[in-house]
Protein chains: 2
Amino acid sequence: MSVPRSDPASDCGLDVALAVMGGKWKPLILYHLRSGPRRFGDLKRAVAGISEKVLIQQLRELASAGVVVRHDYGEVPPKVDYTVTPFGMTLIEALLPLCEWGVRNRTRASASMTSRAS
Amino acid sequence: MSVPRSDPASDCGLDVALAVMGGKWKPLILYHLRSGPRRFGDLKRAVAGISEKVLIQQLRELASAGVVVRHDYGEVPPKVDYTVTPFGMTLIEALLPLCEWGVRNRTRASASMTSRAS
DNA sequence: GGTAGAACCTACCTAAAGGTAAGTGCCAAA
DNA sequence: TTTGGCACTTACCTTTAGGTAGGTTCTACC
């Protein structure tokens with residue numbers, strides 16, 4: 001609406017990527033799913049600190065983006081697991097350089113964030 | 001506090017990267033700065049849709065993270081420009097695969113986002 | 001003298017993301 | 001029979017990122 005001509009965002013796909021994996025926990029969820037399927041409760045414990053509500057919410061969004069698939073075994077007690085799709089894997093791969101950058105610059109970056117340290 | 005042992009986030013540097021370039025406009029700002037210094041007003045026009053308040057806010061955060069530098073010419077009328085640092089350049093490079101992913105999957109990704117379309 | 005533009009600052013408001021706490025149906029183990 | 005775990009759901013509240021709309025100081029231009 002407010003973009004005049006040849007939307008500058010179009011050249012830089014970051015908006016797309018951010019729309020898919022942006023959010024406080026999605027990167028972490030993806031990280032924990034990268035090595036295979038995980039059950040809901042399993043994931044909940046792995047992604048320490050996340051609430052069930054938010055976890056399921058993020059999983060739904062990832063699923064509706066085609067990044068993960070939900071598999072319901074239809075058993076009782078309930079058994080459900082989540083797996084990264086091949087498409088999701090391409091995202092994870094594109095994410096890796098940024099992961100590495102983060103790991104390399106963790107100290108430096110958090111040092112500059114002093115204004116944010118409570 | 002709620003993290004038991006060997007914080008899972010530590011393995012995946014995405015939290016660091018997101019802390020630095022996360023936010024609605026930072027990727028775009030970086031994108032527009034990648035090819036050289038830009039004056040404030042210039043940037044304001046380039047990043048169409050952003051308000052001055054938010055632009056300056058994001059620039060300050062990028063600057064305090066060491067990703068860009070603010071140069072004040074001390075002239076009157078005011079002249080200030082912003083440049084990406086070498087450190088910032090390493091971020092931009094780590095960002096590129098994600099950009100490309102976004103560009104490649106723009107259609108697919110936005111198609112899955114139907115639930116978000118207003 | 002009035003207007004415009006430079007690079008901001010300030011106060012206030014809104015919307016959405018995320019967090020908290022409780023409840024659901026069902027079954028197995030204590 | 002109470003408890004606990006599974007995979008959720010629901011209602012409600014808080015935080016914060018971002019947006020809106022003004023103001024400021026100075027000069028240049030008409």
Side-chain angles (χ1 to χ4, degrees), chain A residues 1-3 9 14-15 18-29 32-33 37-65 68-83 113 115-118, chain B residues 1-3 9 14-15 18-29 32-33 37-65 68-83 113 115-118:
Chain A
M1 297 291 181
S2 53
V3 185
L14 273 179
D15 56 324
L18 270 273
V20 173
M21 47 60 73
K24 188 165 174 186
W25 303 98
K26 292 212 188 88
L28 236 37
I29 295 173
H32 285 288
L33 283 177
R38 289 269 210 155
R39 294 189 59 177
F40 179 81
D42 192 13
L43 218 43
K44 193 181 77 182
R45 276 179 294 270
V47 185
I50 196 172
S51 70
E52 297 191 335
K53 184 200 121 183
V54 173
L55 175 56
I56 216 169
Q57 192 174 287
Q58 313 268 287
L59 282 170
R60 292 261 155 89
E61 289 172 16
L62 288 172
S64 89
V68 307
V69 246
R70 186 185 112 110
H71 183 207
D72 188 337
Y73 291 80
E75 295 176 3
V76 68
K79 179 176 177 185
V80 172
D81 64 24
Y82 295 85
T83 317
M113 292 294 165
S115 54
R116 290 200 150 269
S118 59
Chain B
M1 297 291 180
S2 53
V3 185
L14 273 178
D15 55 325
L18 271 269
V20 174
M21 47 60 73
K24 188 165 173 184
W25 303 99
K26 291 213 188 87
L28 236 37
I29 294 173
H32 286 287
L33 283 177
R38 289 270 210 154
R39 294 189 59 177
F40 179 81
D42 191 13
L43 217 44
K44 194 181 77 181
R45 278 180 293 270
V47 185
I50 196 172
S51 69
E52 296 190 337
K53 184 200 122 184
V54 173
L55 176 55
I56 216 170
Q57 193 175 286
Q58 313 269 287
L59 282 171
R60 290 263 155 88
E61 290 172 16
L62 288 172
S64 89
V68 307
V69 248
R70 186 185 113 109
H71 182 207
D72 189 338
Y73 291 80
E75 296 175 3
V76 67
K79 179 175 176 184
V80 172
D81 65 23
Y82 295 85
T83 317
M113 291 294 164
S115 54
R116 289 200 150 270
S118 58

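Each chain gets a letter, A, B and so on, in the order its sequence line appears, and its residues count up from 1.
The side chain of B:K53 contributes no N or O atom lying less than 4.0 Å from OP1 or OP2 of C:dA11. Between B:R60 and C:dC9 there is a side-chain polar atom (N or O) within less than 4.0 angstrom of OP1 or OP2. OP1 or OP2 of D:dG18 has at least one side-chain nitrogen or oxygen of B:Q58 nearer than 4.0 Å.
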For nucleotides 1-6 of chain D, give me every protein contact, N/O to N/O, under 3.5 Å, one pair per line with atom names.
unit_1, atom_1, unit_2, atom_2, d
D:dC6, O3', A:R39, NH2, 3.0
D:dC6, O3', A:P78, O, 3.2

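Rounding to whole angstrom units, CG of residue A:L59 and P of D:dA7 are separated by 11 Å. Between A:Q57 atom CD and C:dG19 atom C1' there is a gap of 10 Å when expressed in whole angstrom units. D:dA17 atom C1' lies 14 Å from atom CG of A:L18, rounded to whole Å. A straight line from NZ of B:K24 to C1' of C:dT14 spans 12 Å, rounded to a whole angstrom. Between A:D72 atom CG and D:dA7 atom C1' the separation is 9 Å, expressed in whole Å. Spacing between atom CD1 of A:I29 and atom C1' of C:dA17 amounts to 14 Å, rounded to whole angstrom units. The distance between atom CZ of B:R38 and atom P of C:dA6, rounded to the nearest whole Å, is 14 Å. A:R70 places its CZ atom 10 Å from the P atom of D:dA7, with the value rounded to the nearest Å.
A side-chain donor-acceptor contact under 3.5 Å links B:K26 to the backbone of B:G22.
Between B:R38 and B:D81, every side-chain heavy-atom pair lies at or beyond the 4.5 Å cut-off. By the 4.5 Å heavy-atom criterion applied to side chains, A:Y82 and A:L33 are counted as neighbours. For the pair A:L43 and A:L59, the minimum side-chain heavy-atom distance is below 4.5 Å.
Scanning for salt bridge (Lys or Arg N to Asp or Glu O under 4.0 Å) contacts around A:R70 gives A:D72, with sequence neighbours left out.
Listed candidates were D:dT9, D:dC26, C:dG19. Nearest to the side chain of B:V76 is D:dC26.
As judged by a 4.0 angstrom heavy-atom cut-off over every strand, B:Y73 is placed among residues making no nucleic acid contact.
Rounded to the nearest 0.5 angstrom, B:F40 CZ and B:E52 CD are separated by 5.0 Å.
Heavy-atom distances to DNA chain C give each of B:D81 and A:K26 a nearest nucleotide, and the one nearer the 5′ end belongs to B:D81.
What you find for B:V47 and B:H32 is that their closest heavy atoms are CG2-CD2, 3.7 Å.
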